[in-house]
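Structure first, commentary second.
Throughout, residue positions are numbered sequentially from 1 according to the sequence presented. No hydrogens, no waters, no symmetry mates; every other heavy atom, side chains included, goes into these values.
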Amino acid sequence: PDSIPQEPEKQQPDVEEITIEQLRQGYDNGDFTIAEITQIYLNRIDRLDKNGPKLNSVIHINPDALAIAQALDEERKQGKKRGPLHGVPILLKDNIDTHDQMPTTAGARAMRNSFPLRDSPLAQQLRNSGAVILGKTNLSEWANFHSQHSSSGWSGLGGQTNNPYDVTRNPCGSSSGSGVAVSANLSVLAIGTETNGSIVCPANNNGIVGIKPTVGLISRTGIIPISFTQDTPGPMARTVTDAAICLGALTAVDSTDTKTMVTGRKAFNDYTPFLKADGLKGKRIGFFTKPMGDYFRVDTVMHQAIAFLKSQGAEIVEIKEIATEDINGPSFQVLLYEFKDGLNRYFTSLGPNAPVKSLADLIEKTFADSIEMRYHDHELFKQAREKGDLNSKEYQDALKTMTARSRQGGIDRVMNQHQLDALVAPTGSAAWKTDLINGDNFGLFSSSPAAIAGYPSITLPMGNIDGLPVGISFFGRAWSEPMLIEMAYAYEQSTHHRIMPVLE
């Protein structure tokens with residue numbers, strides 16, 4: 001008898017560098033299902049993160065991920081599409097509460113059995129938008145506010161996260177796992193959080209896009225805090241477009257986070273109209289030169305970027321200083337006070353079964369744990385414990401000074417004086433060798449002006465040094481995300497500096 005024709009074997013989709021739009025088209029065309037894509041990412045995490053190069057970027061896998069994906073497939077079959085994130089896999093930094101089978105730990109061993117009583121508003125918005133939460137990412141423990149000489153990407157619970165371009169090098173932090181996972185194509189998107197540099201630095205070291213929004217654009221409720229004044233979550237992605245799409249899904253007002261209810265807040269549900277290929281034309285940009293001069297190879301790449309900005313019709317004004325008086329000292333005092341207050345409030349939110357009851361309880365448990373104490377001193381816990389409450393004069397004075405110097409006396413002053421649309425600077429140097437004994441060697445960084453002011457910044461790849469990526473940051477006034485997205489998109493679309501790490 002004639003042979004029975006065999007069905008051609010279905011080719012497995014290639015998710016490397018896949019975008020949200022390409023996913024949507026594949027779902028629409030029936031090329032693959034959400035469940036198939038989810039399984040591919042889970043397989044990649046197993047193969048590349050836990051084995052192979054051992055990136056160690058994912059600290060928990062969501063056991064419900066496939067079931068969520070299958071349910072979202074059913075919705076699509078029935079004609080229901082929740083929006084642009086429907087069926088898009090995402091990872092969350094493990095300081096963001098999810099009410100599911102995953103704990104929220106901040107990477108701390110004392111928190112390994114901490115299961116929040118409810119989703120954070122951020123997690124709920126992602127679920128409502130149809131995103132598939134694949135798991136949680138490793139991070140610098142307690143978002144890197146714990147020790148004097150810590151190693152970014154290290155946590156007592158998760159160990160050391162490694163850079164996908166060279167596993168001996170550091171991913172930066174504190175959103176280390178989020179940056180590594182997106183760069184290594186273990187997810188389409190990830191969420192990071194920043195107090196000062198914790199989104200933009202790992203985006204820099206891992207060759208991706210990071211958006212640190214204005215404080216108050218995205219709710220911080222249900223996120224393990226450092227600072228009420230400076231903390232913000234934000235999207236991390238391989239393209240400006242994907243980061244902008246994710247940002248728009250997260251901007252709902254939250255009555256339990258007063259920063260989202262301030263007068264003058266400008267939020268959009270869709271930032272894609274600001275993706276303009278000519279977004280640099282006619283812009284007046286301040287080139288913040290203070291980070292320059294110590295790393296000549298970064299300087300070279302940055303000067304090439306400045307020349308490109310000019311070629312696209314931007315006018316460049318060199319700015320040596322942004323804040324004329326010290327802002328780091330007052331900011332550090334604010335962080336100590338707000339860390340104590342915020343942590344104690346967070347532990348209370350976990351209810352009577354919380355594994356840690358207070359900052360004092362955390363100190364006792366941490367200092368008795370030999371793994372936690374092996375490399376790092378956790379002295380910042382003690383410094384925070386010694387502070388009073390938020391009514392203390394020292395705190396109020398530091399907050400007032402920090403705000404005035406970083407905003408009216410800083411970014412706002414410089415931008416008004418020079419009639420600027422934005423500021424630009426190198427985000428950081430190339431990734432350094434990870435050193436658990438001596439801690440981080442950041443080289444240069446430019447995150448502080450925007451971070452301390454609570455203002456937005458966007459970083460994206462601007463080139464590489466011997467195969468290690470370095471980024472460029474656009475930052476500016478409060479609520480200027482649309483303007484920054486325009487510029488970052490225009491820069492990206494004409495340069496395409498993103499390079500994919502070789503892992504297999």
Side-chain angles (χ1 to χ4, degrees), residues 93 95-96 120-122 125 143-145 174-175 191-201 203 210-236 243 246-248 250-268 271 322-323 327-328 330-339 341-342 345-346 390 395 398-412 415 422-423 446-459 473-485:
K93 186 176 179 179
N95 60 350
I96 300 171
S120 59
L122 184 155
Q125 287 175 74
N144 216 21
F145 200 75
S174 62
S175 306
I191 303 296
T193 67
E194 176 161 329
T195 306
N196 188 343
S198 286
I199 288 173
V200 297
C201 187
I211 300 181
K212 193 229 54 112
T214 308
V215 172
L217 188 67
I218 304 175
S219 166
R220 294 92 46 81
T221 300
I223 297 177
I224 299 176
I226 295 176
S227 168
F228 179 76
T229 304
Q230 289 182 214
D231 288 351
T232 179
M236 303 175 77
C246 185
L247 182 67
L250 300 174
T251 59
V253 170
D254 170 20
S255 62
T256 61
D257 182 353
T258 55
K259 290 285 187 184
T260 69
M261 303 172 71
V262 296
T263 304
R265 179 178 186 262
K266 294 174 186 168
F268 296 83
Y271 286 88
I322 293 176
I327 57 173
N328 292 303
S331 171
F332 182 59
Q333 292 305 313
V334 167
L335 264 54
L336 289 171
Y337 275 96
E338 294 185 347
F339 186 61
D341 178 77
R345 290 175 186 270
Y346 178 79
L390 299 189
Y395 167 72
L399 180 62
K400 184 177 178 182
T401 299
M402 176 187 98
T403 302
R405 290 178 181 176
S406 63
R407 296 178 186 176
Q408 305 97 294
I411 289 177
D412 293 339
M415 293 188 70
L423 291 142
S446 61
S447 61
S448 291
I452 294 175
Y455 287 1
S457 62
I458 300 178
T459 182
S473 285
F474 295 86
F475 57 103
R477 306 175 192 274
W479 319 114
S480 65
E481 285 84 357
M483 177 84 72
L484 302 181
I485 287 169

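To the nearest 0.5 Å, atoms SG (Cys246) and CD1 (Ile191) are separated by 4.0 Å. Atom CZ of Arg220 is separated from atom NZ of Lys259 by 6.5 Å, given to the nearest 0.5 angstrom. Atom-to-atom distance recorded for Thr251:OG1 and Leu217:CG is 6.0 Å, nearest 0.5 angstrom. A distance of 10.0 Å separates CD1 in Ile223 from OH in Tyr346, rounded to the nearest 0.5 Å. Atoms CG and OG1, on Leu335 and Thr229 in that order, are 8.5 Å from each other to the nearest 0.5 Å.
No side-chain heavy atom of Phe474 sits less than 4.5 Å from a side-chain heavy atom of Met483. Annotation: side chain of Leu122 is in contact with side chain of Ile218 (closest heavy-atom distance under 4.5 Å). Under the 4.5 Å side-chain criterion, counting only non-hydrogen atoms from C-beta, Ile224 is not in contact with Thr193. Contact annotation: the side chain of Trp479 approaches that of Arg265 to within less than 4.5 Å [non-hydrogen atoms, C-beta and beyond]. Ile199 places none of its side-chain heavy atoms less than 4.5 Å from the side chain of Ile211. Here the side chains of Glu194 and Ser447 are in contact, with some heavy-atom distance below 4.5 Å. No side-chain heavy atom of Tyr337 sits under 4.5 Å from any side-chain heavy atom of Leu399. Counting heavy atoms from C-beta outward, Asn196 and Ser331 have side chains that stay 4.5 Å or more apart.
Closest approach of Gln125 and Ala252 over heavy atoms only: OE1-N, 3.3 Å. Of all heavy-atom pairs spanning Met402 and Ile452, the tightest one is CG-CG2, 3.4 Å. A pairwise comparison of heavy atoms in Ser457 and Val200 identifies OG-CG1, 3.7 Å as the closest pair. Phe268 and Pro482 get closest at one heavy-atom pair: CE1-CG, 3.6 Å. Listed here is the closest heavy atom pair of Asn328 and Ser448: OD1-OG, 3.7 Å. When every heavy atom of Ser480 is checked against every heavy atom of Pro456, the shortest pair comes out as OG-CG, 3.5 Å.
In this structure a side-chain-to-backbone donor-acceptor pair under 3.5 Å is missing from Thr260 to Ser219. Checked by atom type and distance alone, the side chain of Lys212 pairs as donor or acceptor with a backbone atom of Tyr455 at under 3.5 Å. With Arg407 contributing its side chain and Ala453 its backbone, the two residues share a donor-acceptor pair below 3.5 Å.
Under the 3.5 Å distance criterion, with hydrogens and angles disregarded, no donor-acceptor pair is assigned to the side chains of Thr221 and Asp257. Side-chain contact annotation: Glu481 with Thr214, donor-acceptor N/O pair under 3.5 Å present.
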- prompt: Should Ile411 and Ile322 be marked as a side chain to side chain contact (heavy atoms under 4.5 Å, CB included) after you check the CA-CA gap, both sets of side-chain angles, and the distance that decides it?
  reply: CA-CA 6 Å; Ile411 289 177; Ile322 293 176; 3.8 Å; yes
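The one candidate from Leu247, Ile458, Leu484 that meets the side chain to side chain contact (heavy atoms under 4.5 Å, CB included) condition with Pro213 is Leu247. Screening Lys400, Gln333, Glu338 for a side-chain hydrogen bond (donor to acceptor under 3.5 Å, both in side chains) involving Tyr395 leaves a single residue, Glu338.
Ala143 meets the side-chain contact (heavy atoms from CB on, under 4.5 Å) test with Lys93, Asn95, Ser174, Ile226; sequence neighbours excluded.
The aromatic rings of Phe339 and Phe145 lie perpendicular to each other, with more than 60° between the two planes, well past the 30° mark.
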